[in-house]
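Please read the structure below before turning to the comments.
Naming convention: chains lettered A, B, ... in sequence-line order (proteins, then strands); numbering from 1 in each chain.
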Amino acid sequence: MLDLKFVRENLEMVREAAARKGEEADINRFTAVDEQRRRLLSEVERLKNRRNVVSEQVAAMKKSGEDATAVIEEMRAVSARIKEMDSEIRGIEEELQNILLTLPNIPLPGVPVGQNEADNVPVRFFGEPPRFDFEPKAHWDIAAGLDIIDFERAGKVTGARFAFYKGWGARLERALINFMLDLHVNEHGYTEIFPPFLVHRNSMTGTGQLPKFEEDAFRVAGTEYFLIPTAEVPVTNLHREEIMPEEALPLRYAAYSACFRAEAGAHGRDTRGLIRQHQFNKVELVKFTRPEDSDAELESLTANAEEVLKRLGLPYRVVLMCTGELGFAAAKKYDLEVWLPAFNAYREISSCSNFSDFQARRAGIRFRRKGGRAEFVHTLNGSGVAVGRTVAAILENYQQGDGTVLVPPALRPYLSGLRGNYIGR
RNA sequence: GGAGAAGUAGCGAAGUGGUCGUAACGCGCCGCACUCGAAAUGCGGUUGUCCGCAAGGGCACGUGGGUUCGAAUCCCACCUUCUCCGCCA
């Protein structure tokens with residue numbers, strides 16, 4: 001959410017920033033509602049001041065035994081009018097709040113202006129796409145051959161876009177979660193969090209998933225609980241409505257969670273395999289920083305996520321997202337894209353974003369410098385990394401001509417009982 | 001699910017219809033004094049937010065309603081926490 005005063009004073013910038021993100025900001029309606037609110041507010045405040053003054057007089061009159069009936073009668077009318085106006089103002093303020101909640105964050109300087117994927121800027125590459133002396137298979141075919149992931153039965157039991165992991169498939173998934181968490185906690189200095197997988201509507205609003213994107217989330221019928229689309233939601237909201245001392249910053253959390261996404265509007269895309277599931281596992285990195293540190297912290301967060309792919313020996317590239325691809329809440333974003341041989345392309349496996357104070361303002365997350373006023377923190381997060389897509393990447397990049405899959409060395413300590421370093425031999 | 005208790009500033013806590021939330025008091029924090037320095041001590045300061053060019057004013061005692069000329073204080077509903085009982089992985 002943007003600051004009310006900031007929007008009022010920078011209408012053109014807000015409109016432009018939204019346009020560059022490919023969204024529309026209804027500035028005219030904002031201005032109309034904002035002005036109406038202020039008009040009503042000064043009027044009702046005058047009435048309230050009168051009520052306060054007169055109430056004091058009533059007290060004094062009663063004390064000295066005077067008759068206050070006339071003033072009380074007058075105040076009855078004033079009070080009724082105040083009640084009417086208060087309710088009108090409440091309606092106006094709700095509308096204003098709803099407008100503010102739908103204004104997208106403003107991109108940071110240095111973010112390339114562009115409309116779509118084509119305008120993103122690759123900033124660095126790691127590794128080489130592997131060469132095969134056989135026709136490489138897609139991960140779902142490899143998995144079927146090894147009998148380690150069962151999509152068909154998941155369709156029977158739950159529905160499309162779900163999977164059963166089985167045997168070494170399940171082991172591989174669990175090994176990756178532990179490998180990633182250990183790396184971030186032991187070597188990168190993050191504190192491990194295991195969050196709730198359901199959150200209340202307020203938390204979804206705090207991080208920006210609501211109110212605009214409700215159709216992308218799963219909601220538990222008859223409740224205000226939502227299945228989390230990412231651990232970002234519970235972990236960022238961990239410090240909602242808090243004021244922390246400056247020394248507490250930066251806070252760095254690493255959280256495993258299952259993630260649930262309705263994938264509305266993705267019908268027909270990535271229908272096979274692990275790339276786009278309704279439920280997937282992810283290790284998420286979340287940071288709270290002082291405003292002046294968020295830029296550097298985004299770089300280190302991205303580097304931390306990259307380290308996962310480096311150690312697994314997976315070829316990838318880092319892409320700086322253009323304004324049109326930033327999404328609603330981000331001010332700057334890098335995507336890590338891993339090489340998938342079956343797609344003959346790089347595909348997103350992590351998304352690292354700086355949200356500046358956008359989420360902090362929505363969620364009321366602040367800090368106080370010594371002797372200063374409370375300021376909003378900056379929040380950042382990034383996948384460190386998506387586990388299902390990592391499984392896909394390992395299966396495809398490490399597949400062998402005989403249908404087996406070599407396990408990357410970094411993962412072997414997490415797969416006790418594996419004979420000969422290959423799944424399927 | 002049943003019974004009970006509680007939600008006030010960064011934290012603890014007082015305040016039960018009208019000099020008052022610039023919220024007593026304590027802790028913490030900031031400044032000053034004392035000190036070679038620190039501790040201890042003393043003095044002073046320290047909520048947020050909104051409207052307004054300003055002067056000034058409004059709002060907020062978990063949330064939302066209600067009663068009243070006037071509510072932290074009375075009434076209703078809801079949320080959260082705690083204690084006991086029941087159930088339970």
side-chain hydrogen bond (donor to acceptor under 3.5 Å, both in side chains) partner of A:S294, the single match among A:D357, A:T289, A:N354: A:N354

Heavy-atom side-chain proximity of A:L183 to A:H188 below 4.5 angstrom: yes

Check: A:Y256 and A:N281 side chains under 4.5 Å, non-hydrogen atoms: yes

Closest-nucleotide ordering on RNA chain B, the 5'-leading residue of A:R90 and A:R366: A:R366

Between B:rC50 (P) and A:L40 (CG): distance, integer Å: 18 Å

Phosphate OP1/OP2 of B:rC51: any A:R8 side-chain N/O under 4.0 Å: yes

Which atom of A:V235 lies closest to which atom of A:F288, heavy atoms considered: O-CZ, 3.6 Å

Nucleotide-resolved protein contact map, nucleotides 68-78 of chain B, B/S/- at heavy-atom distance under 4.0 Å: -BS--------

Atom CD of A:E299: over 12 foreign heavy atoms under 6.0 Å: yes

Whole angstrom value for the distance that separates P of B:rC59 from CD1 of A:I92: 20 Å

A:E73 bridged to A:R76 by N-O distance under 4.0 Å: yes

Gap between atoms CZ and C1', on A:R201 and B:rU63 respectively (whole Å): 17 Å

Integer angstrom distance from the P of B:rC78 to that of B:rA23: 34 Å

Gap in Å between the two C1' atoms, one belonging to B:rC59 and one to B:rA72, rounded: 14 Å

B:rG57 to B:rU22 separation - C1' atoms, rounded to the nearest Å: 14 Å

Interatomic distance at C1', B:rG42 relative to B:rU47, whole Å: 26 Å

Atom P, compared across B:rC75 and B:rC11: separation rounded to whole Å: 27 Å

Check ion pair A:R8-A:E35 (N to O, under 4.0 angstrom): no

Separation of atom CG in A:L100 from atom C1' in B:rC50, rounded to whole Å: 14 Å

Presence of salt bridge, A:D216 and A:R261, under 4.0 angstrom: no

Length of the CE-P vector between A:M244 and B:rC29, whole Å: 20 Å

B:rC25 and B:rA14, which share atom name C1', separated by this distance in whole Å: 7 Å

Contacting residues from residues 28-39 of chain A, given that a heavy atom lies under 4.0 angstrom of RNA chain B: A:R37, A:R38

Gap in Å between the two C1' atoms, one belonging to B:rG15 and one to B:rG7, rounded: 15 Å

Length of the line joining A:L47:CG and B:rC51:P, which is rounded to integer Å: 18 Å

Any N/O donor-acceptor pair, A:E45 side-chain to B:rG57 base, under 3.5 Å: yes

Separation between the P atoms of B:rG56 and B:rG62, rounded to whole Å: 31 Å

N/O donor-acceptor pair under 3.5 Å between A:R362 side chain and A:L101 backbone: yes

Whether A:H239 and A:Y253 hold their rings parallel, tilted or perpendicular, with breakpoints at 30° and 60°: parallel

Base-pairing assignment for B:rC59 (Watson-Crick or G-U wobble, both under 3.5 Å): B:rG48

N/O (side chain, A:N49) to phosphate O (OP1/OP2, B:rG57) under 4.0 Å: no

Interatomic distance where NZ belongs to A:K48 and C1' belongs to B:rA60 [whole Å]: 11 Å

Interatomic distance, A:H200 NE2 vs B:rC79 C1' [rounded to whole Å]: 9 Å

Test log, rule salt bridge (Lys or Arg N to Asp or Glu O under 4.0 Å), inputs A:R290 and A:D293: CA-CA 5 Å; A:R290 300 184 303 178; A:D293 299 329; 2.8 Å; yes

